[in-house]
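What follows is a single structure, written as structure tokens, with notes after it.
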2 protein chains.
Amino acid sequence: MNKRERHQAIREIIGSRVVGSQEELRVLLHEAQWDVTQSTLSRDLREMRVARMPTPEGPRYVSPEHLGDGAADDRTLIEEVLPQFFSSIDGVTELLVLKTIYGGAQPVAEAIDDAGWKEVVGTIGGENTILIVCRSPAARETLEKRLLKIAEG
Amino acid sequence: MNKRERHQAIREIIGSRVVGSQEELRVLLHEAQWDVTQSTLSRDLREMRVARMPTPEGPRYVSPEHLGDGAADDRTLIEEVLPQFFSSIDGVTELLVLKTIYGGAQPVAEAIDDAGWKEVVGTIGGENTILIVCRSPAARETLEKRLLKIAEG
DNA sequence: CCGACCCCTGCAATAATATGCATTATGGGT
DNA sequence: ACCCATAATGCATATTATTGCAGGGGTCGG
């Protein structure tokens, strides 16, 4: 009887198959050892704000936050985007600040994430500035040189 | 008796106010000189793929393109929002980098702010990454463990 | 003008969801 | 360990949505 875990289970189910009614969901949950009534599911779905969307093939439940997932496109290579957007780079301790032309921060930040470099703890991109958190000051220096090299083409 | 125009009228109504039932929508349409039964509206809403999203204040109809809107509304509880979006966590010194699924950074950052934890100096959220500035490396470790625990449900 | 064939709609029956109330679990505080 | 306050749940039922069916217009080809 753990509501939070059950919510998670519900998300996984409605995210991976077509669920058209709360009764149907109840059966699917039952197969996964969750045993609750339709009433509870009605309340769960409200708390989770799961919407019921009618379609020609019948209604289906959809998590609002997963609706934009279809928009996800192909990954971008850092070698392609950085020379195109690069403006300047600087940093202190384990922080690296990379500036790009306007609008370039997001794609570049994404490309850096995708590169999967071990020196990188994480990146945050605004409009034209990216903050890169590095694992150490030494890692920052390594990364700074690498990015500069890539930026030059 | 023009279905297309009626659909447009429906879009305008549900886009400009809260509509909680088809009967309610029927009355509103009636005030705008559209006279149809609830049955017809059920069919219209299906053709338009208008979803019904339950909320604490009662159900409401939302156009598909606005479906994600309510997701981050007042669900500021970190326990609710983190398991849903969590991807990974890492950090250095007093910086903690939390990664989420795409689009999850904002709501989670907001939830962390709302939690009011003393270890947190501040947060910055991008698209799928949150930078959490902690009060000290020790605070960072404490927070990292706590968030990991919450993320697991 | 007449049918044949649509699509659209209302009506009424059926299916699905939401909720008031009573009961049981859960988490603090002492 | 006990008690209280709060939250979670099931049951029965109210509310809401969906749908099978039949009728009303349109349109097109004869």
Side-chain angles (χ1 to χ4, degrees), chain A residues 1-11 13-14 17-30 32-64, chain B residues 1-11 13-14 17-30 32-64 67 70 73-81 83-84 115-116 146 149-150 152-153:
Chain A
M1 191 226 273
N2 181 327
K3 188 158 72 159
R4 191 146 299 129
E5 286 180 28
R6 189 178 62 235
H7 281 193
Q8 188 54 38
I10 291 172
R11 272 187 206 99
I13 288 178
I14 67 175
R17 29 172 147 185
V18 175
V19 182
S21 75
Q22 296 178 2
E23 175 60 19
E24 193 179 330
L25 177 58
R26 193 189 62 74
V27 171
L28 291 172
L29 280 170
H30 184 76
Q33 316 305 320
W34 292 98
D35 220 333
V36 291
T37 61
Q38 170 267 325
S39 312
T40 297
L41 295 182
S42 173
R43 294 172 180 126
D44 282 349
L45 293 173
R46 174 175 56 209
E47 287 159 17
M48 298 167 67
R49 284 192 165 56
V50 171
R52 187 181 194 237
M53 177 183 291
T55 74
E57 297 78 35
R60 61 187 51 182
Y61 286 96
V62 289
S63 296
Chain B
M1 188 262 261
N2 182 326
K3 189 156 71 161
R4 195 149 302 157
E5 286 180 29
R6 189 177 63 231
H7 282 194
Q8 188 51 38
I10 291 172
R11 257 184 276 274
I13 289 179
I14 67 174
R17 26 171 150 186
V18 175
V19 181
S21 75
Q22 297 179 2
E23 176 59 20
E24 193 179 330
L25 177 58
R26 192 189 63 75
V27 171
L28 292 172
L29 279 170
H30 184 74
Q33 314 307 321
W34 291 98
D35 222 333
V36 291
T37 60
Q38 171 268 326
S39 313
T40 297
L41 295 182
S42 173
R43 294 171 179 127
D44 283 349
L45 293 172
R46 176 175 54 209
E47 286 159 17
M48 299 166 69
R49 297 273 219 288
V50 171
R52 188 184 198 229
M53 179 184 291
T55 75
E57 297 78 35
R60 62 187 52 181
Y61 285 95
V62 290
S63 295
L67 249 187
D73 251 13
D74 55 349
R75 337 174 63 189
T76 44
L77 273 184
I78 185 67
E79 289 86 357
E80 184 68 26
V81 94
Q84 181 178 352
R146 186 184 306 156
K149 199 167 176 183
I150 293 173
E152 287 163 355

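Note that the coordinates shown come from a computational prediction; the quantities given were computed from them, not determined experimentally. Proteins come first, then strands; the chains are lettered A, B, ... in the order of their sequence lines, and each starts at number 1. Computation of the quantities below employed the complete heavy-atom set of this structure, encompassing side-chain atoms and omitting hydrogens, waters and symmetry-equivalent molecules.
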Nearest-nucleotide comparison on DNA chain C, the residue closer to the 5′ end among B/Asp35 and B/Arg52: B/Asp35
Below 4.0 Å: OP1/OP2 of D/dT9 and any side-chain N or O of A/Arg6: yes
Heavy-atom side-chain proximity of A/Leu41 to A/Ile10 below 4.5 angstrom: yes
Check: A/Glu57 and A/Val18 side chains under 4.5 Å, non-hydrogen atoms: no
Selected nucleotide, minimal atom distance to B/Val36 side chain, candidates C/dT19, C/dG10, D/dT18: C/dG10
Value in whole Å for how far the C1' atom of D/dT18 lies from CZ of B/Arg46: 7 Å
Between P of D/dG24 and NZ of B/Lys3, the distance in whole Å: 20 Å
Presence of B/Ser42 side-chain N/O under 4.0 Å of D/dT18 phosphate oxygens OP1/OP2: yes
B/Trp34 side, atom CH2; B/Thr40 side, atom OG1 - distance, nearest 0.5 Å: 12.0 Å
Minimum-distance nucleotide (side-chain atoms of B/Gln38 versus D/dA17, D/dT18, C/dT17): D/dT18
Nearest heavy-atom neighbours spanning B/Gln38 and B/Arg26: N-CD, 3.8 Å
Spacing between B/Met48 atom CE and D/dT18 atom P, to the nearest angstrom: 14 Å
Whole angstrom value for the distance that separates C1' of C/dC8 from CD of B/Glu47: 9 Å
Side-chain touch B/Leu45/B/Leu25, heavy atoms, less than 4.5 angstrom: yes
Spacing between A/Gln22 atom CD and C/dA18 atom C1', to the nearest angstrom: 8 Å
Below 4.0 Å: OP1/OP2 of D/dG10 and any side-chain N or O of A/Thr40: yes
No-H, no-angle donor-acceptor pair, B/Ser39 side chain to C/dA12 base, under 3.5 Å: yes
Atom-to-atom span, CG of B/Asp44 to P of C/dG10 - whole angstrom: 10 Å
Donor/acceptor link under 3.5 angstrom from B/Ser21 side chain onto base of D/dT15: no
Rounded interatomic separation in angstrom, taking CZ from B/Arg49 and P from D/dA17: 19 Å
Below 4.0 Å: OP1/OP2 of D/dT16 and any side-chain N or O of B/Tyr61: no
Along DNA chain C (nearest heavy atom to each residue), the more 5'-positioned of A/Arg43 and B/Thr37: B/Thr37
Whole-Å distance separating the CG atom of A/Leu45 from the P atom of D/dA17: 16 Å
